[in-house]
2 protein chains.
Amino acid sequence: MEVMTPEHEWREDCAPRRVLELFSTKWTSMILHTLHSRHSGAARTGVLQRSLPGISKKMLVQTLRDMEASGLLTRHVESVVPPAVEYRLTPLGARFVGLVELVYGWGRDHADALDQLQQRATSRRRNP
Amino acid sequence: MEVMTPEHEWREDCAPRRVLELFSTKWTSMILHTLHSRHSGAARTGVLQRSLPGISKKMLVQTLRDMEASGLLTRHVESVVPPAVEYRLTPLGARFVGLVELVYGWGRDHADALDQLQQRATSRRRNP
DNA sequence: CTGTATCCGCCGCGATACTG
DNA sequence: CAGTATCGCGGCGGATACAG
């Protein structure tokens with residue numbers, strides 16, 4: 001039976017790997033989750049920044065731009081002073097955030113089992 | 001209503017973020033998926049390497065070591081010549097791979113919508 | 001308030017060569 | 001077959017200062 005599995009593709013540019021890349025960009029999932037957590041599905045820059053403790057302005061804007069280019073969200077500028085910019089989930093983004101919520105929930109369900117993962121990051125640095 | 005949301009935590013060391021880190025390690029999910037795709041839930045080093053086109057021996061071993069430390073899989077050494085090593089999903093790994101399969105399936109379902117994501121990586125490099 | 005422009009350290013990851 | 005040891009680069013991401 002194992003002889004039948006063509007070892008699954010995992011080609012460099014296959015769809016599943018592109019999804020994984022979405023997850024591997026540090027702030028993408030958290031931004032989507034924040035947008036999703038608001039009933040409007042939208043949020044202004046400042047709200048996003050405050051919801052993501054530790055993110056720098058640079059990374060916030062850069063990640064938002066990338067996400068816009070990826071079609072995960074849209075950017076709406078209110079031409080007023082001071083400027084007001086709102087980010088909103090696209091249909092694709094709304095579908096993807098479903099996955100993010102699954103990951104989020106899984107993490108909460110396995111919080112205790114995940115505690116030991118902390119030793120991982122440190123073990124390699126201590127033991128060259 | 002929005003005043004009630006405490007902006008969700010996203011603390012540096014919260015469980016969901018640790019799950020995201022699991023996903024952000026380039027090869028982790030693919031290794032788990034390969035193990036899961038075999039009825040035995042186990043595979044030898046060579047099998048894993050062949051199932052992951054492009055991975056280097058170094059990254060394969062390094063990632064496997066990290067995953068072992070994280071409790072996602074176990075390593076069994078057959079003391080024979082030439083050596084035979086088998087990696088096997090742990091209960092935690094088996095539960096996590098469920099999430100991975102969800103991501104994998106989502107990617108296949110949205111393959112066409114994901115095609116435009118390719119332009120993302122290139123657009124920033126072209127337009128400084 | 002939102003966004004841009006630099007500078008720069010860290011480390012993830014790959015290439016290569018060598019060992020038992 | 002499985003694993004270790006080096007070397008090196010690209011780029012993610014943080015700090016800081018400036019601008020409309």
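As the structure is a prediction and not an experimental result, all values here were calculated from the model. Below, chains carry the letters A, B, ... as their sequence lines are ordered, and counting in each starts from 1.
Regarding A:Gln62, its CD atom lies at a distance of 12 Å from the P atom of D:dG11, rounded to whole Å. A straight line from CG of A:Leu60 to P of C:dA5 spans 17 Å, rounded to a whole angstrom. Residue B:Glu21 contributes atom CD, which lies 14 Å from atom C1' of D:dC12 at whole-angstrom precision. Rounded to an integer number of Å, the gap from B:Asp66 CG to C:dC13 P is 10 Å.
Contact annotation: A:Arg44 reaches the phosphate of C:dT2 (side-chain N/O to OP1 or OP2, under 4.0 Å). For the pair A:Tyr87 and C:dT2, the criterion of a side-chain N or O lying under 4.0 Å from OP1 or OP2 is not met. Between B:Thr45 and D:dG3, a side-chain N or O to OP1/OP2 separation shorter than 4.0 Å is present. An OP1 or OP2 oxygen of C:dG3 is reached within less than 4.0 angstrom by a side-chain nitrogen or oxygen of A:Arg75.
Between B:Arg88 and B:Ser40 the shortest heavy-atom distance is NH1-O, 3.3 Å. Minimum interatomic distance between A:Ile31 and A:Leu60 (heavy atoms only, all atoms of both residues): CD1-CD1, 4.1 Å. Counting all heavy atoms, side chain and backbone alike, A:Arg11 lies closest to A:Arg17 at O-CD, 3.2 Å.
Residue B:Arg65 has its side chain nearest to D:dT4 when only C:dC13, C:dT4, D:dT4 are considered.
In this view, A:Arg95 satisfies the salt bridge (charged side-chain N to carboxylate O under 4.0 Å, His left out) rule with no residue, not counting sequence neighbours. Considering only residues two or more places apart in sequence or on other chains, A:Val85 meets the side-chain contact (heavy atoms from CB on, under 4.5 Å) condition with A:Thr45, A:Arg75, A:Val77, A:Tyr87.
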- request: Heavy atoms under 4.0 Å is the rule here; annotate nucleotides 15-20 of chain D 5' to 3' with B where the base is hit, S where only the sugar-phosphate is, and - elsewhere.
  value: B----B

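Ring geometry for B:Phe96 against A:Trp106 counts as perpendicular: the plane angle is over 60°, on a 0 to 90° scale with 30° as the lower cut.
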